[in-house]
Amino acid sequence: MEELLATLRDSLIGSRRDAALAVTARLLEEGAPPETILQEGLAAAMIELGARWTRGEVYLPEVVAAATLFERCNDLLEPALLSSGVERTGGRVVLATVKGDLHDLGKNMVGAMLKTVGFEVHDIGKNAPVDTIVAAVGEVRPEILGLSALLTTTVPEQRRVIEALAEAGLRDSVKVMVGGAPVTETWAAEIGADGFAPDAPRAVQVALAITGR
Ligand code: B12
């Protein structure tokens, strides 16, 4: 399995579409847990790609191509993820990437994993303005609001959303969970969020814990 995961990471980094899709399917056939394929295959490849991008070894179009392929591989995993769910929770979650931020792969992974334990996920997408997020909370009445931010310039939006929820009288009705590569436990505590997780599997644990499950 380790070898196949390494091939998946290489294929994604090199945006080799057919190879990436074939190896994802093969990993599933061989019984690899879909959570492992997501985390140790797809997510790990994007993190490595980010490091290469920082070092100037790859350029933006390559990152865009890999991100698109990430989504196609994720589509293959979603049915397997859903059928592997053991417990059904029934709670609702609203998910968004904050305004100014177009990064949504991590948010989508968190959504896919929350569905595996039966959360009903209302994903309102990326680049979501504060007002749109607050309106969605008012409409959907979720138990959890999950906010993703990948840029140091957009992370402060998470605080703005929490403040706006309070102004709208909705803060006590929802648990706010924050995440994204630059987000830390300390930041989450500073802005009064109810939960933080560094990755999608741990986001599931935190979601279950903060809703008392
Ligand atoms: C892919 C990528 C892109 C893609 C995004 C495609 C897409 N559909 O998402 C594209 C090419 C569009 C892009 C654009 C840009 N990007 Co970019 N991008 C990345 C890259 C390489 C990977 C991000 C990723 O998908 N990781 C994989 C996922 C699975 O991991 P993740 O997002 O961290 O999510 C995990 C956890 O954080 C957590 N999580 C995430 N969300 C949530 C939410 C909750 C509630 C919880 C609990 C947990 C959680 O769980 C996830 C799963 O395990 C990163 C590098 C990096 N190290 O992060 C740069 C990076 C984030 N980008 C960066 C930059 C600078 C940009 C651009 C400004 C580049 C430009 N010059 O145009 C633009 C900004 C566009 C915008 N306005 O948003 C910088 C940010 C630097 C900074 N200090 O802010 C980084 C760090 C690259 C770098 N080293 O310079 N980018």
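Order of listing sets the numbers, starting from 1, for every ligand and every atom in it.
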(request) Verify the distance criterion only: is there a donor paired with an acceptor across the side chains of Q158 and W187 at less than 3.5 Å? (result) yes
(message) Tell me whether ligand 1 is touched by L147 - counting only heavy atoms on the residue side and a distance under 4.0 Å.
(response) yes
(message) Check contact between P198 and ligand 1, using heavy atoms of the residue and a distance below 4.0 angstrom.
(response) yes
Backbone or side-chain N or O of [X] under 3.5 Å from ligand 1 N or O:
X    : value
L49  : no
K126 : no
T153 : no

(message) Closer than 4.0 angstrom, basic N to acidic O: yes or no for R26 and E29?
(response)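 No.
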(request) For ligand 1, indicate whether the residue T154 contacts it via side chain, backbone, both or neither (heavy-atom separation under 4.0 Å). (result)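 T154 to ligand 1: no contact under 4.0 Å from either part.
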(message) Determine whether a donor-acceptor pair (N or O, by modelled atom type, separation under 3.5 Å) exists between the side chain of D101 and the backbone of L150.
(response)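 Indeed, once roles are kept as given, a pair shorter than 3.5 Å links the two residues.
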(request) Determine if the distance from atom 50 (O) of ligand 1 to the closest protein heavy atom is below 4.0 Å. (result)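 When distances to the protein are checked, atom 50 (O) of ligand 1 has a heavy atom within 4.0 Å.
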Tell me which donor-acceptor pairs under 3.5 Å the side chains of residues 38-50 have, and how far apart each pair is, sequence neighbours excluded?
| residue | atom | partner | partner atom | Å |
| --- | --- | --- | --- | --- |
| E48 | OE2 | R52 | NE | 2.8 |
| E48 | OE2 | R52 | NH2 | 3.4 |

(request) Using the test side-chain contact (heavy atoms from CB on, under 4.5 Å), find all partners of R202 that sit at least two apart in sequence or belong to another chain. (result)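 Per chain and number, R202 pairs via side-chain contact (heavy atoms from CB on, under 4.5 Å) with A197, P198, D199, Q205.
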(message) Using the rule side-chain contact (heavy atoms from CB on, under 4.5 Å), only one of N127, V98, L102 pairs with T154; which is it?
(response)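 Answer to the side-chain contact (heavy atoms from CB on, under 4.5 Å) test with T154 among N127, V98, L102: V98.
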(request) Using a cut-off of 2.8 Å, find all protein N, O or S atoms closer to atom 17 (Co) of ligand 1 than that distance. (result)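 Hits for atom 17 (Co) of ligand 1 below 2.8 Å: H103 NE2.
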Just distance, no hydrogens or angles: give the donor-acceptor pairs under 3.5 Å from side chains in residues 166-176, sequence neighbours left out.
| residue | atom | partner | partner atom | Å |
| --- | --- | --- | --- | --- |
| R171 | NH1 | V174 | O | 2.9 |
| R171 | NH1 | D194 | OD2 | 3.2 |
| R171 | NH2 | G192 | O | 2.9 |
| R171 | NH2 | D194 | OD2 | 2.9 |
| S173 | OG | L170 | O | 2.8 |

